[in-house]
There are 2 protein chains.
Amino acid sequence: MSEQEPPAEKQSATRTRLIVSALGLFSRNGYAATGVKAILADAKTPYGSLYHWFPGGKRELGVAAVAHGGEVYRGLFETRYPTDLDVIAATEAAFVEAADMLEATDFADSCPLATIALEVANTDEPMRQAAAAAFESWLTVFEQRFLAAGMKPDRAREVAVNVFCLLEGAALLARTTKSPVPMHVAGKTAAKAVADGLATN
Amino acid sequence: MSEQEPPAEKQSATRTRLIVSALGLFSRNGYAATGVKAILADAKTPYGSLYHWFPGGKRELGVAAVAHGGEVYRGLFETRYPTDLDVIAATEAAFVEAADMLEATDFADSCPLATIALEVANTDEPMRQAAAAAFESWLTVFEQRFLAAGMKPDRAREVAVNVFCLLEGAALLARTTKSPVPMHVAGKTAAKAVADGLATN
DNA sequence: GTCTATAAAACGATAGAC
DNA sequence: GTCTATCGTTTTATAGAC
């Protein structure tokens with residue numbers, strides 16, 4: 001038997017470190033404000049390695065970081081929306097968790113992609129598309145949970161959009177005002193929107 | 001009689017042009033990604049004038065631009081929430097108007113402060129405070145309209161926060177996916193939230 | 001107050017040794 | 001594949017003429 005050959009290029013530890021460091025710095029300080037050197041220092045990686053793994057430089061790393069953030073949070077949402085639990089309570093719980101996370105990080109960490117998405121929406125098309133795909137994947141998770149709970153298909157998509165908007169809008173207001181209150185207020189409304197969506201069957 | 005002496009420093013045409021240009025470029029391309037030279041070119045102003053009117057440079061101009069955007073949009077919201085019209089219909093109309101604006105500008109213009117606010121939330125305290133004050137002034141406009149419509153005080157503040165979150169979250173999703181649909185969906189929910197707030201009196 | 005020339009530093013990216 | 005030295009540009013900011 002020949003030894004197993006993993007698709008090495010996508011699984012390099014160096015590559016992964018660069019992506020994780022980039023996502024963290026981009027989400028906290030912004031994409032444009034984060035220098036390549038700061039990413040390399042955070043990832044404890046020398047200059048040349050970045051251009052080995054990402055020939056397209058900062059922009060290609062940005063696309064990979066956005067895609068990674070999208071996948072990680074999609075996994076988180078799947079965990080927080082277990083099919084065997086009350087979907088209304090799970091919705092409000094997700095907002096409470098987001099509020100706790102914000103307070104624990106001095107209002108730095110909530111959605112890892114919102115800042116980047118707004119920055120690149122009109123200036124970097126590949127990154128914009130990566131962010132759009134990430135948001136769509138989250139909406140799909142929400143929608144499928146609502147469908148599993150018995151919501152009508154056309155309502156499930158609308159409620160998913162509403163939950164997303166409330167979550168992201170509350171994250172903006174909470175981070176800017178350094179207050180967890182908007183997240184709690186929006187969470188109650190999101191739970192109510194889910195309840196209303198289920199009621200109109 | 002002595003000739004009238006306006007408080008000239010704050011009303012200079014050059015100063016105003018710099019602020020307007022800066023706000024437009026910051027909101028479309030981001031604060032960090034916008035160079036001082038691009039602002040000066042847009043405002044048709046030579047280099048030295050910026051540091052005459054804003055000794056603190058780009059950051060001081062940023063604070064003024066955020067404050068200006070906050071005032072302009074507070075005025076817009078006051079116009080869109082006239083006290084003599086149905087506040088529920090006015091709420092949904094504001095979202096429809098935002099959707100139309102997004103489509104007319106290829107999804108560039110919605111909230112002029114959201115991108116900047118997220119960029120500076122953890123990196124520039126004076127700008128963060130300016131953005132927080134702007135958002136608070138908008139919430140106050142919403143709240144007072146709901147109070148005028150007969151909503152209970154504690155509910156009015158909550159509904160104002162919900163309308164804000166829905167509007168900002170929908171702007172993020174609409175700009176990122178280049179679709180007006182989230183704004184229309186969120187608008188219906190916002191109108192419903194206002195109706196619910198009025199019903200529980 | 002307006003404008004230009006320039007400084008000092010940081011930027012993203014590359015070349016080439018190992 | 002790793003690492004360093006450096007290139008060429010662009011950045012914010014300043015000095016000083018007008």
Side-chain angles (χ1 to χ4, degrees), chain A residues 3 5-26 28-66 115-116 119-120 123-127, chain B residues 3 5-23 25-26 28-66 116 119-120 123-127:
Chain A
E3 59 267 23
E5 298 268 344
E9 187 159 340
K10 294 277 175 179
Q11 296 179 356
S12 153
T14 301
R15 201 186 124 99
T16 301
R17 261 200 335 274
L18 284 169
I19 289 175
V20 172
S21 289
L23 179 63
L25 291 168
F26 289 163
R28 282 176 186 71
N29 307 330
Y31 172 74
T34 300
V36 169
K37 292 183 182 179
I39 300 168
L40 295 168
D42 189 85
K44 295 178 175 51
T45 300
Y47 217 130
S49 291
L50 191 158
Y51 291 91
H52 171 73
W53 295 106
F54 302 94
K58 188 186 184 185
R59 310 182 120 219
E60 186 178 341
L61 175 58
V63 171
V66 167
T115 311
I116 310 173
E119 279 187 273
V120 302
T123 55
D124 191 312
E125 185 62 11
M127 283 190 69
Chain B
E3 60 270 22
E5 299 266 346
E9 186 157 344
K10 294 277 175 180
Q11 296 179 356
S12 154
T14 300
R15 201 186 124 99
T16 300
R17 257 195 345 268
L18 284 170
I19 289 174
V20 172
S21 289
L23 179 62
L25 291 168
F26 290 163
R28 282 176 186 73
N29 307 329
Y31 172 74
T34 300
V36 169
K37 291 185 181 178
I39 301 169
L40 295 168
D42 189 85
K44 293 177 176 53
T45 301
Y47 217 130
S49 292
L50 192 158
Y51 291 91
H52 171 72
W53 294 106
F54 302 93
K58 188 187 183 182
R59 310 181 121 219
E60 185 178 341
L61 175 58
V63 171
V66 167
I116 310 172
E119 278 187 273
V120 303
T123 54
D124 191 312
E125 185 62 12
M127 284 190 70

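Convention: sequence-line order gives letters A, B, ...; per-chain numbering from 1. Reckoned from all heavy atoms, side chains included, excluding hydrogens, waters and symmetry mates.
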What does nucleotides 12-18 of chain D look like as a protein-contact string, B for base, S for sugar-phosphate only, - for none, at under 4.0 angstrom between heavy atoms? BBB----
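Residues B/Glu60 and B/Trp53 have side chains not in contact (no heavy-atom distance under 4.5 Å, counting atoms from C-beta outward). B/Tyr31 has its side chain within reach of B/Met127: a pair of non-hydrogen atoms, C-beta onward, lies under 4.5 Å apart.
Distance A/His52 NE2 to C/dA13 P: 17 Å, rounded to the nearest Å. Distance CG (B/Leu40) to P (C/dA5): 15 Å, rounded to an integer number of Å. Following rounding to the nearest Å, B/Asn29 (CG) and D/dT10 (C1') show an atom-to-atom distance of 16 Å. Distance, A/Phe54 CZ to C/dT14 P: 15 Å, rounded to whole Å. Spacing between atom CG of A/Leu25 and atom P of C/dG12 amounts to 12 Å, rounded to whole angstrom units.
The line from CZ of B/Arg17 to OG of B/Ser49 is 8.0 Å long, rounded to the nearest 0.5 Å. Here the OG1-CG distance, from B/Thr34 to B/Asn29, works out to 5.0 Å after rounding to the nearest 0.5 Å. Considering CG of B/Leu61 and CG of B/Leu18, their distance stands at 6.0 Å, rounded to 0.5 Å. Atoms CD1 and OG1, from B/Ile116 and A/Thr115 in turn, are 12.5 Å apart once rounded to the nearest 0.5 Å.
Cation-pi geometry between A/Lys58 and A/Tyr51 is not met at under 6.0 angstrom from the ring centre and within 45 degrees of the axis.
Closest approach of A/Arg59 to A/Thr123, counting heavy atoms only: NH2-O, 3.8 Å.
If you check every strand for non-hydrogen atoms under 4.0 Å, B/Thr14 touches sugar and phosphate atoms only.
Helical stems in DNA chain D, defined as runs of 3 or more consecutive Watson-Crick or G-U wobble pairs with donor-acceptor distances under 3.5 Å: C:1-18 with D:1-18.
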